[in-house]
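Data first, discussion second: the structure below is written as C-alpha cells.
Every number for a ligand or one of its atoms is a count from 1 in the order of the listing.
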Amino acid sequence: MSSPMAKRPKAETGYQTRKDDLIVITGAGGFIGGSLARYFRDKGFTRIRGVDRKPLPEWYQRVEGVECLSMDLSEKENAVRAVEGAVEVYNLAADMGGMGFIERFRVECLRSVLINTHLIEAAWRAGARRYFFSSSACAYNTELQKDPNVRALKESDAYPAMAERGYGWEKLFSEMVCQEYWAERGLETHIARFHNIYGPNGTWFGGREKAPAAICRKVIEAKHEGRNYIEIWGDGTQTRSFCYIADCVLGIDKIMHCDQLIATPVNLGSSELISIDDLVTMVEEIAGVKLERRYDLTAPRGVAGRNSDNTFIRQVLGWEPSTPLREGMRETYQWIEQQYFDRKAGKRVVQD
Ligand code: NAD
C-alpha cells in the first residue's frame, strides 16, 4: 500500500488540546462512545458533546456535564450540526454488534459508511483539528484467519484486501477516506483498529452483544435459573483476544494525540489469546459453577482465530492494552449480574 504520508501537505500538527476545546463524540449513547465521554469528562474537559441516534433515555450512559444530542448522523445536515465548533471529533457511531448481528445485517453495517462520509466532510469544513475513526480487526484479510492457531495480525495484513463481508469492508473503505482527507486536504486523522472491546456498560442482551458479554449472561442465567447447561456458538475452538474498555479509551486518547500515527491505522487490542472454550471456563470459575456445554454448530461463529500483533503500537507509544482478561472479565461479570438482578426486579436497565 502506498503511504498517504508521501502526499502529506503542510498542515499544522502537534496542536495542544485545551480543556475548554469542544470535543465531539459520536456513538456516545453506546458502549465505547459513552465510556470515552466519561473518560474525557473525568480528565477535566469542560465542553464535550455526545451525539447518537438513540433517544436520550436509551443511552447506555448519561454523563453529567456532557451535552447530549439525539440525531441520525447518516443525514448530512445532522452531521454538519453535530460538529459545529468542534476542535476534535471522535467517530464511534456505527450500526454494529457481535457476529450474530454483522453476519445477518450486512446492509446496515455497510450503510455506516454514510456516517463517516458526512461526518469527516463536515469536520473538515468546520475546521476541526483532529478526527478519529474507530475501525475494526474485521478490516483484516479473512484468509489469514482460518486457523485457531493464528499468527497475530499486524497492520500491513489488511492488504491485499479480503475483509469481513459488509462490516469489515465498510471499515476498510472509511479508513481510506480518513487517509485521503489527510493526504489531500490536511485534516489530521487518526485510525484505530479495535479488537473485541468488552467491559461494563457494553451491550449484554438483545442480539448485538459480543462473546464476552453473551457468555457472562448465559452463565448468569444458568446459575440463577437452575439450568445446568450452556449453549455455545460454534465448536468452542475459535480463538480471539479481548481488550478491556479502560485500555480502549486510554488508547484512543494516546492514538489521537500522537503525530506519528496521523492517517496510519494501528491495532488497539490485547494480545492475550484465548479460545471460546477457555473463556467459558474462566467465566464459570468467576461464577463458581460448572455447566454442561452444548455446541451450536449452525450459529454464527466468525473467523477461526484472530489476535492483535502489538509490535507497532508498542514501538510508537511505548504502551499497549494490558488489563489481564481474568480481571476485566470479573468486572464485566459483576456488572452484568447486577443488571440481570435489576431487570428481574422490574427496574429499568439501560438496554431495555
Ligand atoms: P455500540 O453499538 O455500543 O455503539 C455505537 C453507537 O452508534 C450506538 O449507540 C448507535 O445507536 C450509534 N449509531 C448507530 N448508527 C447511528 C447513526 N446513524 N447516527 C448516530 N448514531 C448512530 O458499539 P461500540 O461497541 O461502542 O462501538 C463503537 C465503535 O467501535 C463502532 O464504530 C464499532 O464499529 C467500533 N468497534 C467496536 C468493537 C467492539 O468490540 N465493541 C470492535 C471493533 C470496532
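For Tyr15, the side-chain contact (heavy atoms from CB on, under 4.5 Å) partners two or more places apart in sequence, or in a different chain, are Thr17, Arg18, Asp21, Val87, Arg129, Arg130. By the side-chain contact (heavy atoms from CB on, under 4.5 Å) test, Glu77 is found to be paired with Glu75, residues two or more places apart in sequence or in another chain being considered.
Legend: salt bridge (charged side-chain N to carboxylate O under 4.0 Å, His left out) pairs involving residues 201-213, not counting sequence neighbours, sorted by first then second residue: Asp95-Arg208, Glu209-Arg217.
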Check ligand 1 for close polar pairs with the protein: N or O on both sides, less than 3.5 Å.
unit_1   : atom_1 : unit_2 : atom_2 : d
ligand 1 : 3 (O)  : Phe31  : N      : 2.8
ligand 1 : 7 (O)  : Ala94  : N      : 3.4
ligand 1 : 9 (O)  : Gly30  : N      : 3.2
ligand 1 : 9 (O)  : Asp52  : OD1    : 3.3
ligand 1 : 9 (O)  : Asp52  : OD2    : 2.7
ligand 1 : 9 (O)  : Lys54  : NZ     : 3.1
ligand 1 : 11 (O) : Asp52  : OD1    : 2.6
ligand 1 : 18 (N) : Asp72  : OD1    : 2.8
ligand 1 : 19 (N) : Leu73  : N      : 2.8
ligand 1 : 21 (N) : Arg53  : N      : 3.1
ligand 1 : 26 (O) : Phe31  : N      : 3.4
ligand 1 : 26 (O) : Ile32  : N      : 2.8
ligand 1 : 32 (O) : Ser134 : OG     : 2.8
ligand 1 : 32 (O) : Lys171 : NZ     : 2.9
ligand 1 : 34 (O) : Tyr167 : OH     : 2.6
ligand 1 : 34 (O) : Lys171 : NZ     : 2.9
ligand 1 : 40 (O) : Ile197 : N      : 2.7
ligand 1 : 40 (O) : Lys210 : NZ     : 2.9

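The closest side-chain donor-acceptor pair between Asp52 and Tyr60, if any, does not fall under 3.5 angstrom. Looking only at atom types and distance, the side chain of Gln179 has no donor-acceptor partner in the side chain of Thr189 under 3.5 Å away.
Using a 30° and 60° split on the angle between ring planes, Tyr181 and Trp124 fall in the perpendicular class, above 60°.
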